[in-house]
Every structure is written in C-alpha cells, then in structure tokens.
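Read through the structure below, which is laid out as structure tokens, and then see the notes.
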Amino acid sequence: MAETITRDEFELAEHLGAAGPTTVLGEDTMTRWRAQDPDWHGKHWTYTDPDANGVRHLRPINVAPRPKSSP
C-alpha cells in the first residue's frame with residue numbers, strides 16, 4: 001500500500017531532492033509499482049529510509065490534496 005504524505009511534506013522532500021514527479025522515471029518502474037500498489041495514484045515518488053547497509057530505494061507515494069480554504 002502506497003503511503004500518503006501531505007503536500008507540504010512532499011514539497012520539502014522535493015526541494016531537498018528526496019522526492020519528485022514520476023515524469024522522471026522509466027515506464028518499467030511505473031508499471032511495476034502499479035502492479036505492486038494498486039492504490040498508488042501514479043504521480044509521485046520518494047526514497048525509503050536507509051536499510052541496514054545505508055542504501056535508500058525509490059518507492060511510490062501519494063500526495064494528499066491541499067485542504068480547501070475557508071471563505
């Protein structure tokens with residue numbers, strides 16, 4: 001199941017180079033992620049936390065829409 005993060009969390013991670021839009025990924029990655037995570041919206045990615053060897057991997061994420069402003 002793809003994790004959902006806030007728009008602010010995504011924008012900070014994107015600014016730091018730790019997340020981005022899927023337009024920079026290959027179609028093979030997109031196809032595999034869609035098969036693994038059917039609830040993924042197909043628009044964003046981020047890195048995992050480092051594993052035991054300190055390696056980070058790409059993973060799909062969903063970004064929550066911005067809350068609508070009150071009038």
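Note that the numbering runs from 1 along the sequence shown for the chain.
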(request) Evaluate salt bridge (Lys or Arg N to Asp or Glu O under 4.0 Å) for Glu27 paired with Arg34, printing each intermediate quantity in order. (result) CA-CA 10 Å; Glu27 192 57 41; Arg34 282 188 185 108; 3.6 Å; yes

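For residues 36-63, every residue pair satisfying the salt bridge (charged side-chain N to carboxylate O under 4.0 Å, His left out) rule, not counting sequence neighbours, is listed here: Glu3-Arg59. Among pairs with a residue in residues 9-28, those fulfilling ring pair (Phe, Tyr, Trp, His ring centres under 6.0 Å) read Phe10-His44, at least two apart in sequence or across chains.
Interatomic distance, Ile61 CD1 to His41 NE2, rounded to the nearest 0.5 Å: 11.5 Å.
For the side-chain contact (heavy atoms from CB on, under 4.5 Å) test, residues two or more places apart in sequence or in another chain that qualify with Leu58 are Leu25, Trp33, Trp45, Tyr47. Shown here are the salt bridge (Lys or Arg N to Asp or Glu O under 4.0 Å) partners of Glu11, two or more places apart in sequence or in another chain: Arg66. With sequence neighbours excluded, no residue satisfies salt bridge (Lys or Arg N to Asp or Glu O under 4.0 Å) with Arg7.
Among all heavy-atom pairs drawn from Asn62 and Ala2, the shortest one is ND2-CB, 3.9 Å. Annotation for Gly42 and Met30: closest pair O-CE, 3.7 Å, computed over non-hydrogen atoms.
The backbone N or O of His57 sits less than 3.5 Å from a side-chain atom of Thr48, completing a donor-acceptor pair.
Clustering of Ile, Leu, Val, Met, Phe, Trp and Tyr side chains at separations under 4.5 Å places Leu16 together with Leu12.
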